[in-house]
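This is the structure I want to talk about, given as structure tokens.
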Amino acid sequence: MRRYRCFTPTVLLLQSFFAIIANAVVRNATGIVTAKDRYGFWLQGEPSSDPRISNGLRVYAPGLAHQTDVGHLLSLSGRVSEHRQNNRPNDLFLTELIAPFDLFIHSVDHPVIPLIIGRESGYAPPLAKASALDEGTEGWLSVPNNVTLLESVNATLQPDKYGLDFWESLEGNLVTIVNPTTSNFPDMFGSLWVYGDWDVNGRNERGGLTLTSVDGLPDAHPGVILIGRPLDGTRNPKEPIGSILSNITGVVTYQFGYYSILPLTAPSVMTESDPDISPVSFSASEEPCELTIGDYNVENMSPRSRHIPLVAKHVVEYLKLPDILFLQEIQSDSGSRNNGVVTANRTLATFVKAISNTASEHFSSNSPPFKYEFVNIPPEDNMDGGKPGSNIRVAYLWNPNKVSLVPGHITGNATQAVEVVKSDKGELSLSYNPGRVHPTHEAWEETRKPLAAAWQTSTGSRFFTVNVHLSSKRFGSSPHGDARPPVNGRIERRTQQVNVTADFVESVLSQDVNASIILAGDMNDFVQTRSVFQSLTNLLTDINDASAVDPVERYTYVYEQHMQEIDHMFVSDAIVNRGTKVEHIHVNTWARSTSERASDHDPTVAKVWVCDNPSNTKDSERPFLPGLTAPLVIQNPHGLIY
């Protein structure tokens, strides 16, 4: 392993070229027991002035653990092991002393003093960078991935510059994290990501850390550490993101692909994050050219999904019934039963009914009923990825009192490619409406195909949408792993998918440079991975940029140490030039627990102007509807218009 270790009074010095003495037998390694579990214990020697030196060591000794206790000063001999599980080839090695013998306890009841990590101690993780081997044009997201292996390069540690080196230099040490803040939900094993009271980048309103860029490179958030299962058998609290915990004292280790701290005991909750979640702050008007556009990955929705009522509540109360709603992960009518059913009309009808019922309950009894229309294209059986038999696809809901599909064109099927067509009057439309974008292209193998649609307002103005759900990051590697840069699973496939989608967008703009286009969906990657989105960003603008959204508030998902945006919305120049608004509505990432989440994604709502004539409507002139907390609804003869 790439580090130094030191013990006193007998000194055991393991140099950076650790492979030289791996498997060697060392004698009379001496230190104080700082922690123990049923498989062994941890020793700690005198601290060193060299920041690369760890004075802690894991002793793997299932047969001897019962003979030792915290505070014992002991010496023992054993064999040096660089260990990782056989089925985890991307893990970094964990240094251990194994097969111990000649154990001798010199004395007991010695004080165990942890190293304090925090602002006051002046000892804290570095900012932004995880590894010296991630120095490509996109940092830890650079392409190609897996260019070098950390263990093979075996570089000298630089803990003041790189986060992985920082935690490596502390492996085996007893440390205390001061004022830790949670930055993700607890996982299925009760582990949770936290950062202490040191400097961090990307802190958002919630208290999580958003994936942002620093000096043009994506921040790896190397100061966030995973807190594992407490050694005393207590359980970590299950608190929402942004909660502040009591100080955590534990040993630094490496397990299951991540640097972690195993706490001596579970921390308590000092401050729980605010449970209130705000709905979208703006509303649509009765102006036919001004539309609200929603985007929501509803996570494997079938007719029997238990989360349908909660998602319907989100759409009504938090998204304020967008004029058009882009949906991803709509399952077939039989759910995930692998029985050849590919239609999803029952799924969508059930969801639409739930929205209508929720709207009726939410609004006054004399309000006109609200009902979305919907459209989707059934895929070929088991050809679009997801759970076998579920046949997930993208779909649209829309308010028929505000917009409609351009008439005169049939809906395409699973294999028919949509094309841009021009009428005798020079109006653009689509050969199928809606239709799938190049569905037989190899880029879409076992992946959801984009759904393009041509729309018109009541004034006759036309605009286009593309609903996408790109390949997942399956087969990716840990950001704390051996492969540098880490493997961004299926990045080549997503890049190809974006290129195919961009070709379709270009086919529209080549016919009309002023076309109004909205492209949105679950893209399963970050805009900081510029190589993935380059062909698209040459044509369209991220609506966050067009709307001047603070970069730290751009997130729709939380995974590992990052709050991140993988659900995106891009718009054409014509829409940008007329002005836009967008908000990410954190109904799921701000939930109190994973059980209260309807989806693992947050929805997004935007306001856009899709007609050639400029907007003159002022938000302040719009009335309120009783019972709602934001400026909202104008009632007209056709229904509720947001």
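Any value given below was found using the heavy atoms of this structure, including those in side chains, with hydrogens, waters and symmetry copies removed. Count residues from 1 along the sequence.
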Any donor-acceptor N or O pair under 3.5 Å, side chains Asp50, Ser48
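Asp50 vs Ser48: no donor-acceptor pair found between side chains.
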Between Arg448 and Asp522, does any side-chain N to carboxylate O distance fall below 4.0 Å?
no
Is the backbone N or O of Tyr296 less than 3.5 Å from a side-chain atom of His601, with the two atoms forming a donor-acceptor pair by type?
no
Whether over 12 other heavy atoms sit under 6.0 Å from Phe101 CZ
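Yes.
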Would you name the heavy atoms of Gly223 and Trp167 that are closest together and state the gap between them?
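Where Gly223 meets Trp167 most closely, the heavy atoms are O-CZ2, 4.0 Å.
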Mark yes or no for whether Lys449, through its side chain, and Thr447, through its backbone, hold a donor-acceptor pair below 3.5 Å.
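Checking the backbone N and O of Thr447 against the side chain of Lys449, a donor-acceptor pair under 3.5 Å is found.
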Assess whether side-chain hydrogen bond (donor to acceptor under 3.5 Å, both in side chains) is satisfied between Arg206 and Tyr555, documenting all intermediate values.
CA-CA 11 Å; Arg206 185 62 167 179; Tyr555 61 91; over 6 Å; no
Look at atom NZ of Lys473 and say whether more than 12 heavy atoms of other residues, nucleotides or ligands are closer to it than 6.0 Å.
yes
Short side-chain donor-acceptor distance under 3.5 Å, Ser260 and Thr253
no
Which distance, rounded to the nearest 0.5 Å, do you find between the CG of Leu141 and the OG1 of Thr529?
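So the CG of Leu141 and the OG1 of Thr529 are separated by 4.0 Å.
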Working for side chain to side chain contact (heavy atoms under 4.5 Å, CB included), residues Thr210 and Glu553
CA-CA 7 Å; Thr210 304; Glu553 303 304 334; 5.8 Å; no
Trp193 side chain near Val558 side chain, heavy-atom distance below 4.5 Å:
no
Whether the side chain of Gln528 engages the backbone of Leu211 through a donor-acceptor N/O pair (distance < 3.5 Å, no angle test) should be reported.
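Looks like yes, one N/O pair under 3.5 Å.
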Among Asp160, Leu157, Leu170, find the one that has a side chain to side chain contact (heavy atoms under 4.5 Å, CB included) with Asp165.
Leu157
Compute whether any side-chain donor of one residue and acceptor of the other, for Asn588 and Ser599, lie under 3.5 angstrom apart.
no
Please assess Phe41 against His72 for the test side chain to side chain contact (heavy atoms under 4.5 Å, CB included), listing each intermediate value before the final yes or no.
CA-CA 11 Å; Phe41 50 90; His72 284 183; over 6 Å; no
Mind checking what makes side-chain contact (heavy atoms from CB on, under 4.5 Å) contact with Asn179, not counting sequence neighbours?
Asp197, Asn247
Least distance between heavy atoms, Asn145 atom then Ser142 atom:
ND2-O, 2.8 Å
Heavy-atom count around Asn86 CG within 6.0 Å, excluding the residue itself: above 12?
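Counting other residues, nucleotides and ligands, CG of Asn86 stays at 12 neighbours or fewer.
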When every non-hydrogen atom of Pro450 is compared with those of Thr501, the smallest separation belongs to CG-OG1, 3.9 Å
Nearest non-hydrogen partners of Asp600 and Glu299, listed with the distance
N-OE1, 2.9 Å
Passes side chain to side chain contact (heavy atoms under 4.5 Å, CB included), Ile392 versus Ile330? Steps please.
CA-CA 5 Å; Ile392 57 174; Ile330 295 296; over 6 Å; no
Leu245 vs Ser268, side chain to side chain contact (heavy atoms under 4.5 Å, CB included): CA-CA, chis, key distance, verdict:
CA-CA 6 Å; Leu245 309 178; Ser268 57; over 6 Å; no
Within 45° of the ring axis of Trp198 and under 6.0 Å from its six-membered ring centre, is that where the NZ or CZ of Arg119 lies?
no
So do the side chains of Tyr195 and Arg203 get within less than 4.5 Å of each other, counting heavy atoms only?
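Yes, their side chains come closer than 4.5 Å.
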Donor-acceptor contact present, side-chain Tyr259 to main-chain Phe166, <3.5 Å:
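Not confirmed, Tyr259 side chain does not pair with Phe166 backbone.
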Beyond-backbone contact of Glu82 with Thr95, side-chain heavy atoms, under 4.5 angstrom
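Yes, close enough: below the 4.5 Å cut-off.
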dist Glu442:CD -> Gln497:CD (nearest 0.5 Å) comes out at 11.0 Å
Would you check if Leu94 and Glu171 make a side-chain contact, meaning some heavy-atom pair closer than 4.5 Å?
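Side chain of Leu94 against side chain of Glu171, heavy atoms only: contact under 4.5 Å found.
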Working to the nearest 0.5 angstrom, can you tell me the gap between Ser332 OG and Lys387 NZ?
11.5 Å
Backbone N/O of Pro89 and side chain of Arg84: donor-acceptor pair under 3.5 Å:
yes
Please name the pair of heavy atoms, one in Ser302 and one in Gly335, separated by the smallest distance, quoted to 0.1 Å.
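Nearest heavy atoms, Ser302 then Gly335: CB-CA, 3.7 Å.
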Determine whether Ser191 and Arg229 make a side-chain contact, defined as any pair of heavy atoms from C-beta on separated by less than 4.5 Å.
no
Pairwise side-chain contact, Leu74 with Thr30, heavy-atom cut-off 4.5 Å (strictly under)
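Sidechains of Thr30 and Leu74: no contact.
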Output for pair (Glu96 CD, Trp42 CH2), nearest 0.5 Å, gives 9.0 Å
For the residue pair Tyr557 and Tyr559, categorise the inter-ring angle as parallel (less than 30°), tilted (30 to 60°) or perpendicular (more than 60°).
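Tilted.
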When you check the side-chain N and O atoms of Asn297 and Glu329, is any donor under 3.5 Å from an acceptor?
yes
Are Arg490 and Asn524 linked by a side-chain donor-acceptor pair shorter than 3.5 Å?
no
Could you tell me whether the side chain of Asp602 and the main chain of His584 form a donor-acceptor pair under 3.5 Å?
no
Ser243 side chain to Ser273 main-chain N or O, any donor-acceptor pair under 3.5 Å?
yes
So, do His568 and Phe533 have ring centers that fall under 6.0 Å from each other?
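Centroid separation for His568 and Phe533: below 6.0 Å.
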Validation row: Val498, Gln534 side chains within 4.5 angstrom (heavy atoms):
no
State whether a side-chain donor-acceptor pair under 3.5 Å links Ser595 with Ser593.
yes
Going from CH2 on Trp444 to CG on Asp384, what distance comes out if it is rounded to the nearest 0.5 angstrom?
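Reported to 0.5 Å precision, the distance equals 10.0 Å.
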Has Asp482 got a side-chain atom pairing as donor or acceptor with Glu151's backbone, closer than 3.5 angstrom?
yes
Can you name the closest pair of heavy atoms from Asn236 and Gly228 and give their distance?
ND2-O, 3.0 Å
Is it true that a side-chain atom of Thr212 and a backbone atom of Pro551 form a donor plus acceptor pair closer than 3.5 Å?
no
Straight-line distance of Arg393 CZ to Gln328 CD, nearest 0.5 Å:
13.0 Å
Salt bridge (charged side-chain N to carboxylate O under 4.0 Å, His left out) pairs, two or more places apart, involving residues 129-145:
Lys129-Glu135, Asp134-Arg484
Short side-chain to backbone donor-acceptor contact, Gln44 and Leu174, under 3.5 Å:
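Present.
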Would you say the side chains of Asn55 and Asn173 form a donor-acceptor pair under 3.5 Å?
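Note: Asn55 and Asn173 side chains meet the donor-acceptor criterion.
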Do Leu43 and Leu76 have side chains that approach each other closer than 4.5 Å (heavy atoms only, starting at C-beta)?
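They are in contact (side-chain heavy atoms under 4.5 Å apart), so the answer is yes.
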